[in-house]
Amino acid sequence: MPLHRLDVPAPHVLPFAIGTFDTIGPLSRAAYPHRHTFYELAYVTSGSGTHVVDLHRWPLRPPHLCVITPGQVHHWQQTDEIQGCVVLLDPAFLLAHPGDRALLRTLGRRPSLPLTGAHADRVEELLCGMRHEYRAEQREMLSVLQAYLHILLVHASRMPPDATHVPADDGPDPATAEGRAAALSGEFVRLLERSGPEAARTVRECAAELGVSAGYLTAAVRTATGRTPAQLIRHTQVLEAKRLLAGTQLPVRRVAREVGFADPAYFCRFFRREAGVSPGEFRRGAGTGAHGIHHGPGSLSIDPAGSPS
């Protein structure tokens, strides 16, 4: 299954993009099932059709907000004239507000959120502010965009569920292999959210905690997310390291130990390979605001043919 990636010139600088369905490009309306390595928020203001997320078919009822989290399978079906705003962000963009990950997971479990009246006006206002900030490329742009996103997610999470808006089908049966894989993958992701040196750091350790074999866990997670447990573990370690480097004064050797590395030199090589910069370079950039540099919305592209890394 295709895995779409957020491909911007310097993902460690600004792992974020915002635009319309038209400016983001045709992949923003992809009609074939695919997964993302990033989060997507699609604010649909007009058009008709169906948004299919993890085999649930959600009829479009504009204006509404659609939230897709990394690993979810989704596509647009029988759509006509879809218009609106699209926000794309890598998990690294959430460093300033780690709690936003939980908000996105919660919203991802009800990925189609119809809006009415004041709720629609507020979402439109926040997205307009984000687009203006993104285009202006002013000092501290990153922190302003992160603040806008945080407010948007909190506002969306406060909206009461719409009992009349339900998927047109029942989705995957938890008794099937696909349903079991999705459930186990969810438990694995929650396990990875634990931090500190005592957290499970290997596929074998995670499998033991979940009561399954490492092979079964690998197959289930790959089926549900398109990535292996080892890839997700590395991704989690990098994100936790970034939080500690940006938000604390802990020495690099202590950061290494906190994310499961006994050898600081090996951690530095790992971090550079995964993040594209050394721990010291990342910390200096976070401290000076260099991570707010932006290369322009026209540089965004998404690679549908990429394989998991």
Side-chain angles (χ1 to χ4, degrees), residues 1-8 11 14-47 49-58 60 62-77 79 82-94 97 100-115 123-124 126-128 130-131 134 145-146 148-157 167 189 224-227 232 235 239 297 299-306 308:
M1 182 176 295
L3 183 69
H4 291 191
R5 301 177 182 280
L6 186 60
D7 181 16
V8 292
L14 186 64
F16 174 92
I18 183 172
T20 66
F21 279 94
D22 292 329
T23 60
I24 293 295
L27 291 179
S28 64
R29 300 185 178 94
Y32 54 86
H34 61 279
R35 296 185 175 100
H36 298 167
T37 61
F38 52 90
Y39 294 95
E40 177 178 346
L41 284 72
Y43 177 54
V44 181
T45 56
S46 64
T50 301
H51 187 206
V52 184
V53 184
D54 287 338
L55 302 183
H56 290 285
R57 300 176 65 254
W58 296 88
L60 294 180
H64 74 223
L65 189 66
C66 305
V67 179
I68 305 100
T69 60
Q72 284 188 300
V73 179
H74 88 115
H75 67 285
W76 305 90
Q77 189 176 70
T79 56
I82 291 184
Q83 299 295 328
C85 181
V86 179
V87 178
L88 310 173
L89 58 126
D90 186 88
F93 186 77
L94 306 175
H97 299 281
D100 286 352
R101 289 187 301 156
L103 291 174
L104 282 161
R105 282 196 308 275
T106 299
L107 292 168
R109 288 194 286 269
R110 49 170 182 155
S112 186
L113 188 64
L115 307 174
V123 168
E124 184 101 26
L126 291 167
L127 290 172
C128 284
M130 292 174 74
R131 290 183 66 183
Y134 183 72
L145 288 171
Q146 289 169 327
Y148 267 121
L149 177 70
H150 177 67
I151 296 169
L152 175 62
L153 296 179
V154 170
H155 179 73
S157 69
V189 170
T225 70
R227 291 188 281 179
L232 294 176
H235 186 68
L239 283 178
S299 59
L300 173 68
S301 64
I302 303 172
D303 175 16

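In this text, all values refer to a predicted model and were calculated from it rather than measured experimentally. Basis for what follows: all heavy atoms, side chains included, without hydrogens, waters or symmetry-related copies.
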Task: Inter-residue atom distance H36.NE2 - L27.CG, 0.5 Å rounding - done: 8.5 Å
Open item on the list: Can you tell me how far apart CG (L115) and OG1 (T45) are? Round to the nearest 0.5 Å.
Closed with: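 If I round to the nearest 0.5 Å, the distance is 11.0 Å.
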For [X] against [Y], the heavy-atom pair lying closest together:
{"X": "R131", "Y": "C85", "value": "CD-SG, 3.9 Å"}
{"X": "H75", "Y": "A31", "value": "CD2-O, 3.5 Å"}
{"X": "L127", "Y": "I18", "value": "O-CD1, 4.0 Å"}
{"X": "R110", "Y": "A156", "value": "NH2-O, 3.5 Å"}
{"X": "I24", "Y": "G19", "value": "CD1-N, 4.0 Å"}
{"X": "R227", "Y": "P70", "value": "NH2-CB, 3.8 Å"}

Does [X] reach the side chain of [Y], with side-chain heavy atoms less than 4.5 Å apart?
{"X": "S112", "Y": "H64", "result": "yes"}
{"X": "Q83", "Y": "T20", "result": "no"}
{"X": "F16", "Y": "V87", "result": "yes"}
{"X": "L41", "Y": "L107", "result": "no"}
{"X": "Y43", "Y": "L113", "result": "no"}
{"X": "V53", "Y": "V67", "result": "no"}
{"X": "Q146", "Y": "D100", "result": "no"}

Task: Worked verdict on L104 versus L94 for side-chain contact (heavy atoms from CB on, under 4.5 Å) - done: CA-CA 10 Å; L104 282 161; L94 306 175; 3.7 Å; yes
TODO: Mind running side-chain contact (heavy atoms from CB on, under 4.5 Å) on C66 and H51 for me, showing each step along the way?
DONE: CA-CA 9 Å; C66 305; H51 187 206; 3.7 Å; yes
TODO: Can you label the angle between the H97 ring and the H150 ring as parallel, tilted or perpendicular, going by 30° and 60°?
DONE: parallel
- [ ] Please state whether the rings of W76 and F21 are parallel, tilted or perpendicular, taking 30° and 60° as the class boundaries.
- [x]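 Ring orientation of W76 relative to F21: perpendicular.
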Treating [X] as the side-chain partner and [Y] as the backbone partner, does any N or O pair qualify as donor plus acceptor under 3.5 Å?
{"X": "T69", "Y": "R105", "value": "no"}
{"X": "Q77", "Y": "V52", "value": "no"}
{"X": "H74", "Y": "R35", "value": "no"}

Open item on the list: Looking only at the aromatic ring of each residue, does the gap between the centers of F38 and F93 stay below 6.0 angstrom?
Closed with: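 Here the rings of F38 and F93 have centres that are no less than 6.0 Å from each other.
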TODO: Could you tell me whether D22 and R29 have a side-chain N and a carboxylate O separated by less than 4.0 Å?
DONE: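 Yes.
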